[in-house]
There are 2 protein chains.
Amino acid sequence: MFASLSRPDSFAKAAVPRTRVAFSEFRYRKDREIFGENEPADYVYQVTTGAVRSYKLLSDGRRQIGAFHLVGDVFGLENAAVHRFTAEAIVDTRVCLVKRESMELIAENDVLVVRDLLNVTTSNLQHAEDHMLLLGRKTALERVAAFLLEMDRRLTQAGFFALPMSRRDIADYLGLTVETVCRELHHLHDQGILGFLSPNQRQIVLLDREKLAHLSL
Amino acid sequence: MFASLSRPDSFAKAAVPRTRVAFSEFRYRKDREIFGENEPADYVYQVTTGAVRSYKLLSDGRRQIGAFHLVGDVFGLENAAVHRFTAEAIVDTRVCLVKRESMELIAENDVLVVRDLLNVTTSNLQHAEDHMLLLGRKTALERVAAFLLEMDRRLTQAGFFALPMSRRDIADYLGLTVETVCRELHHLHDQGILGFLSPNQRQIVLLDREKLAHLSL
DNA sequence: CGGGGGCTTGAGGCCACTCAACGATAGTGG
DNA sequence: CCACTATCGTTGAGTGGCCTCAAGCCCCCG
């Protein structure tokens with residue numbers, strides 16, 4: 001039913017017949033936790049503005065970011081009682097959220113709603129599958145190239161994109177260190193494959209997507 | 001609906017009302033391909049006996065196994081037109097399969113069936129999420145320890161388990177090389193944490209699950 | 001304008017990989 | 001039944017890609 005937020009028609013259809021879905025907007029400041037791993041999954045979220053990271057921690061602090069959630073993305077949908085990730089706002093972020101309970105209630109009777117849940121879950125699964133290949137078998141350069149192409153696809157407007165996340169976030173997403181991410185970016189910059197538009201190196205323009213695609217395998 | 005195969009009641013309920021599901025059994029010899037990546041996903045499968053690996057390949061032959069499917073497991077359920085993995089029989093394997101089409105037909109009207117699809121997809125997603133953490137952030141020893149615990153959980157009977165897959169399969173599952181897997185296994189063997197029961201080192205008994213759990217983080 | 005955190009760059013180290021050789025195993029055909 | 005062989009598994013030596021540690025730079029923001 002949440003998936004329907006990106007398909008207004010279907011959403012209306014789902015929301016009308018029975019319970020009216022409790023539907024609120026909420027704001028989180030930079031680096032604020034939205035929910036924690038193993039906490040009860042009482043709400044499902046959608047990014048209105050900003051960006052969110054979902055990650056798991058090992059006991060000694062090693063972190064693996066499983067996904068970045070950008071504007072329009074749904075996150076926190078676990079189909080289970082508890083969250084399997086911790087979610088934090090990367091920058092000041094607005095989300096809208098609905099109670100899982102009310103969603104379950106609707107889902108009980110509406111096939112279309114459950115199908116939406118299935119579609120969201122399936123695309124999360126597909127992303128995770130692709131990311132396993134990246135983490136298990138790709139080199140540092142290939143990972144960074146793949147990351148740039150993903151961000152390009154998801155947030156380029158007007159020929160460039162502004163990364164909301166830090167180098168540390170990128171590293172923890174790609175299974176690398178900050179230093180390695182830096183070096184590979186620099187490497188690509190030297191080859192004229194990408195350009196930096198801002199002093200803080202977060203605004204990036206891809207100058208040769210073809211070559212990048214080739215590098216990402 | 002396929003999930004229901006492990007819950008006979010629900011399956012019967014789902015199957016009765018409308019179309020009778022086309023339902024066949026099939027055999028694959030060791031190392032035979034069951035379906036290929038990007039091929040049309042016309043069937044969904046469940047392992048009756050044997051074991052299956054699902055993997056992705058890079059153009060230069062690097063392979064990442066995303067999951068092993070053991071007796072009872074459902075695989076090939078993509079909720080999409082094409083398969084996202086190649087699936088091969090690890091040993092001689094029997095599967096039963098249903099046409100995706102007929103499943104879709106039933107799913108159109110039956111919430112319970114779609115819920116089953118959602119549940120299967122969700123548990124696949126959870127596995128993939130855990131595996132991303134392993135591939136991105138765990139050491140070789142931690143990966144092997146985690147692998148042993150997973151196999152122990154999934155196929156131990158009578159105090160030990162017999163791995164159907166080769167060292168190469170294990171390596172490609174864990175994002176390591178064959179040699180590293182070997183070395184870490186022997187490392188654990190030397191410490192008295194596990195024992196080999198067969199000459200080919202495929203039958204394993206875990207002697208200290210506690211210590212193993214600690215090593216796997 | 002001063003402090004702090006993010007980013008970059010270099011030097012050196014280590015974990016896992018590569019390459020190579022050998023042993024063991026199981027499958028094959030005589 | 002047994003040699004023969006291909007494949008799998010093990011082990012060692014050496015390498016290299018990425019990590020660690022460290023220092024300096026540059027923003028950004030108070």
Side-chain angles (χ1 to χ4, degrees), chain A residues 29-31 51 53 58 60-64 88 90-92 134-145 147 162-190 194-204 215 217, chain B residues 29-31 53 58 60-64 90-92 134-148 162-190 194-204 215 217:
Chain A
R29 289 221 186 69
K30 184 167 164 17
D31 295 326
R53 58 180 168 252
L58 294 176
D60 62 356
R62 281 174 285 174
R63 185 177 70 155
Q64 179 63 46
E88 284 175 357
I90 295 176
V91 294
D92 290 1
L134 180 149
L135 293 170
R137 287 305 182 206
K138 290 189 180 178
T139 66
L141 179 58
E142 289 163 356
R143 296 181 199 204
V144 171
F147 171 76
L163 295 176
M165 70 289 283
S166 68
R167 298 294 195 252
R168 165 145 302 284
D169 288 335
I170 299 172
D172 286 348
Y173 179 58
L174 299 179
L176 300 171
T177 60
V178 177
E179 294 91 330
T180 298
V181 171
C182 263
R183 278 185 255 267
E184 298 302 345
L185 282 173
H186 185 79
H187 184 214
L188 292 171
H189 183 255
D190 284 353
L194 66 86
F196 296 116
L197 299 181
S198 63
N200 68 351
Q201 314 285 64
R202 293 234 187 146
Q203 288 180 44
I204 292 180
L215 287 176
L217 283 202
Chain B
R29 288 222 187 70
K30 182 166 159 35
D31 293 328
R53 59 182 167 251
L58 294 176
D60 62 357
R62 280 175 285 174
R63 184 178 70 156
Q64 179 62 47
I90 295 175
V91 294
D92 290 0
L134 179 148
L135 293 171
R137 288 304 180 205
K138 290 190 181 178
T139 66
L141 180 59
E142 289 163 357
R143 295 179 199 204
V144 171
F147 170 76
L148 290 170
L163 295 176
M165 70 289 283
S166 67
R167 298 294 197 253
R168 165 146 300 285
D169 288 334
I170 298 172
D172 286 348
Y173 180 59
L174 298 178
L176 300 171
T177 60
V178 176
E179 294 92 330
T180 300
V181 170
C182 261
R183 279 186 254 268
E184 298 304 345
L185 282 174
H186 268 262
H187 184 215
L188 293 170
H189 183 256
D190 286 350
L194 66 87
F196 296 116
L197 299 181
S198 63
N200 67 351
Q201 315 286 64
R202 293 232 188 148
Q203 288 180 43
I204 293 179
L215 287 175
L217 282 201

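In what follows, chains carry the letters A, B, and so on, assigned in the order in which the sequence lines appear, proteins first and then strands, with residues in each chain numbered from 1.
Listed by chain and residue number, B:Phe160, B:Gln203, B:Val205 satisfy the side chain to side chain contact (heavy atoms under 4.5 Å, CB included) test with B:Leu197 (two or more places apart in sequence, or in another chain). By the salt bridge (Lys or Arg N to Asp or Glu O under 4.0 Å) test, A:Arg63 pairs with A:Asp169, A:Asp172, sequence neighbours left out. Evaluation of the ring-ring contact (aromatic ring centres under 6.0 Å, His included) rule for A:His189 yields A:Phe196 as partners, not counting sequence neighbours. Among residues two or more places apart in sequence or in another chain, the side chain to side chain contact (heavy atoms under 4.5 Å, CB included) test is passed with B:Asp31 by B:Arg53. Under the rule for a side chain to side chain contact (heavy atoms under 4.5 Å, CB included), the partners of A:Asn200 that lie at least two apart in sequence or sit in another chain are A:Ser198, A:Arg202. Evaluation of the salt bridge (Lys or Arg N to Asp or Glu O under 4.0 Å) rule for B:Arg143 yields no partner, not counting sequence neighbours. In this structure, B:Arg167 has no salt bridge (Lys or Arg N to Asp or Glu O under 4.0 Å) partners at least two apart in sequence or on a different chain.
A donor-acceptor pair under 3.5 Å is formed between the side chain of A:Asp92 and the backbone N or O of A:Lys30.
The footprint of chain B on DNA chain C, defined by a heavy-atom cutoff below 4.0 Å, extends from C:dA16 to C:dT25.
Between B:Leu163 atom CG and D:dC8 atom P the separation is 15 Å, expressed in whole Å. D:dC8 atom C1' lies 14 Å from atom CG of B:Leu185, rounded to whole Å. Across the protein-nucleic acid pair, B:His187 atom NE2 and D:dT11 atom C1' stand 15 Å apart, rounded to whole Å.
Comparing the local axis fitted to the first five base pairs of the helix from C:dC1-D:dG30 to C:dG30-D:dC1 with the one fitted to its last five gives a bend of 40°, rounded to 10°.
In this structure, B:Arg143 reaches neither bases nor backbone, as no heavy-atom distance under 4.0 Å exists between it and the strands shown.
In this structure, B:Leu163 and B:Phe147 have side chains that are in contact, with non-hydrogen atoms separated by less than 4.5 Å. Within the 4.5 Å cutoff, the side chain of A:Leu58 has heavy atoms near those of the B:Lys138 side chain.
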Just list the side-chain donor-acceptor pairs under 3.5 Å for residues 177-185 of chain B, sequence neighbours left out, or say none.
from	atom 1	to	atom 2	distance (Å)
B:Thr177	OG1	B:Thr180	N	3.3
B:Thr177	OG1	B:Thr180	OG1	3.0

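Looking at A:Leu188, A:Thr139, A:Val144 one by one, the single match for side-chain contact (heavy atoms from CB on, under 4.5 Å) with A:Leu215 turns out to be A:Leu188.
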Legend entry - Contact pattern, 5' to 3', of nucleotides 24-30 of chain D - B, S or - by protein heavy atom under 4.0 Å: ---SS--

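A donor-acceptor contact closer than 3.5 angstrom is absent between the side chains of B:Asp190 and B:His186.
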Nucleotides 17-21 of chain D: which of its N/O atoms have a protein N/O under 3.5 Å away?
from	atom 1	to	atom 2	distance (Å)
D:dC18	OP1	A:Ala140	N	3.0
D:dC19	OP2	A:Thr177	N	3.3
D:dC19	OP2	A:Thr177	OG1	3.1
D:dC19	OP2	A:Thr180	OG1	2.5
D:dT20	O4	A:Arg183	NH2	3.1
D:dC21	N4	A:Glu179	OE2	2.9

